[in-house]
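Data first, discussion second: the structure below is written as structure tokens.
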2 protein chains.
Amino acid sequence: MKKKAIVNNTPVCQVRMQAISDTMSLLSGKWKFHILGTLIEGCKLGFMDLLREIDGIGSKMLSKELQDLEMNHLISRTVMDTKPITVQYAITEYGATLTPLINEMAKWGIEYRQSVHGAK
Amino acid sequence: MKKKAIVNNTPVCQVRMQAISDTMSLLSGKWKFHILGTLIEGCKLGFMDLLREIDGIGSKMLSKELQDLEMNHLISRTVMDTKPITVQYAITEYGATLTPLINEMAKWGIEYRQSVHGAK
DNA sequence: GTAGGTGGTTTCCTACAGGAAAGTACTTCC
DNA sequence: GGAAGTACTTTCCTGTAGGAAACCACCTAC
């Protein structure tokens, strides 16, 4: 009947784990980081711009992912009153708070590449 | 025939995007961050410990994810010569370099929760 | 011998992610 | 009138992620 002490059910841990799950579920899927990264670099872009920028994505995926991101207030969608109607997607102030996370991720990925190619 | 300038095909961008894809593919799936987070907190843990710590995971998933992480040198697997044979999983030095990334992610998730509950 | 603990693997199943291609609607250019 | 561009949506299909449950092997305590 002796049960090992559970190390991980302290409140601080539960909150951290929950927070990571939240973040991951908002950014789940193959394309969200690409879209956000592109919008952070490019500022304002149209649907077709994104379709061309992001290598390999299809219109269905792009449409769905943009809706997801807009729903979570990470990007904004603005219909422009131009001759052939255009839509501009841009990162929101809130979405921009992801920049350090994206930078960390890019930095780690670059270092990983180097260590695999160099040390292995 | 006029084509809009592509903003995203500068070498630095391509490398960043590739790096993000690399990182995401190593950490893909529902459980990798949970496992890494738990091992960073708990130091050395056995299979059954992890099964109990990580709420909801099944033995198949845990086994598979541990193999993935070990293959990428993010965790170590040590068979202990104890009475009933036990295995210890621990984070490697290399896996520990993910700590800032995991911290960023947890931090962002916590802030997201607060902003949704508070401001909305 | 049998119940219970360790550390898994294997089988089977389902749901969702994601891709290709076509369709919709509206506009402008020629 | 028709091609071409913008911005999507819809349909159809496939592959894989991931869960439940059973099974294997080995050891110890009773």
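Residue numbers start from 1 in every chain, and the chains themselves are labelled A, B, ... in the order their sequence lines are given, proteins ahead of strands. Heavy-atom basis, side chains included; hydrogens, waters and symmetry copies ignored.
Taking 4.5 Å as the limit, some side-chain heavy atom of Leu101(B) sits within range of a side-chain heavy atom of Met105(A). Side chains of Val15(A) and Arg113(B) form no contact here, defined as non-hydrogen atoms less than 4.5 Å apart. Here the side chains of Thr78(B) and Val87(B) are not in contact, with every heavy-atom distance at 4.5 Å or above.
Applying the 6.0 Å contact sphere to NZ of Lys44(B) captures no more than 12 heavy atoms from other residues, nucleotides or ligands.
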Using the side chain to side chain contact (heavy atoms under 4.5 Å, CB included) rule, take Glu41(B) and Arg16(A) through it: C-alpha gap first, then chi angles, then the decisive distance, then the call. CA-CA 11 Å; Glu41(B) 299 288 327; Arg16(A) 275 175 59 89; 3.9 Å; yes

Set out, in order, the CA-CA distance, both residues' side-chain angles and the distance that settles side chain to side chain contact (heavy atoms under 4.5 Å, CB included) for Val79(B) and Thr86(B), then state yes or no. CA-CA 6 Å; Val79(B) 178; Thr86(B) 54; over 6 Å; no

Mind running side chain to side chain contact (heavy atoms under 4.5 Å, CB included) on Leu45(A) and Tyr89(A) for me, showing each step along the way? CA-CA 5 Å; Leu45(A) 293 169; Tyr89(A) 294 94; 5.6 Å; no

So Ile35(A) and Leu62(A), side chain to side chain contact (heavy atoms under 4.5 Å, CB included) or not? Walk me through it. CA-CA 8 Å; Ile35(A) 295 171; Leu62(A) 182 54; 3.9 Å; yes

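Here the C1' atom of nucleotide dG7(C) and the CG atom of Leu66(B) are 11 Å apart, to the nearest Å. Here dG8(C) presents its C1' atom at 17 Å from CD of Gln88(B), a figure rounded to the nearest Å. The CG-C1' distance, from Asp68(A) to dC16(C), rounds to 13 Å in whole Å. Atom CD1 of Ile57(B) and atom C1' of dG7(C) are 14 Å apart (whole Å). In this entry the distance linking CE of Met61(A) with C1' of dG15(D) reads 13 Å, nearest Å. When the P atom of dC8(D) is taken as reference, atom CG of Leu50(A) falls 10 Å away, rounded to whole Å. Between the C1' atom of dT28(C) and the CG atom of Asp81(A) lies a distance of 15 Å, rounded to the nearest Å. Counting to the nearest Å, the P atom of dT6(C) and the CZ atom of Arg77(B) are 16 Å from each other.
Distance check: Leu69(B) CG to Thr92(B) OG1 gives 9.5 Å after rounding to the nearest 0.5 Å. Taking CG of Leu74(B) as the reference point, atom CG of Asp68(B) lies at 10.0 Å (rounded to 0.5 Å).
By the 30° and 60° cut-offs, the orientation of the rings of Trp108(B) relative to Tyr112(B) is parallel.
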In B/S/- notation (B base, S sugar-phosphate only, - none; protein heavy atoms under 4.0 Å), nucleotides 21-30 of chain D written 5' to 3' is ------S---

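Between the two ends of the helix from dG1(C)-dC30(D) to dC30(C)-dG1(D), each summarised by a five-pair axis, the helix axis turns through 10° (rounded to 10 degrees).
Between Arg52(B) and the phosphate of dT6(C), there is a side-chain N or O to OP1/OP2 separation shorter than 4.0 Å. Here Tyr89(A) does not reach the OP1 or OP2 of dT6(D): none of its side-chain N or O atoms lies under 4.0 Å away. Within the 4.0 Å cut-off from OP1 or OP2 of dT9(D), at least one side-chain nitrogen or oxygen of Gln67(A) is found.
Nearer to the 5' terminus of DNA chain C, by closest-nucleotide assignment, is the contact made by Gly46(B) (compared with the other of Gly46(B) and Gly56(A)).
The main-chain N or O of Ser28(A) is found under 3.5 Å from a side-chain atom of Lys32(A) such that the two form a donor-acceptor pair.
Note on Ser63(A): a base of the nucleic acid sits closer than 4.0 angstrom, heavy atoms only.
Applying a 4.0 Å cut-off to non-hydrogen atoms, none of the residues of residues 20-30 of chain B approaches DNA chain C.
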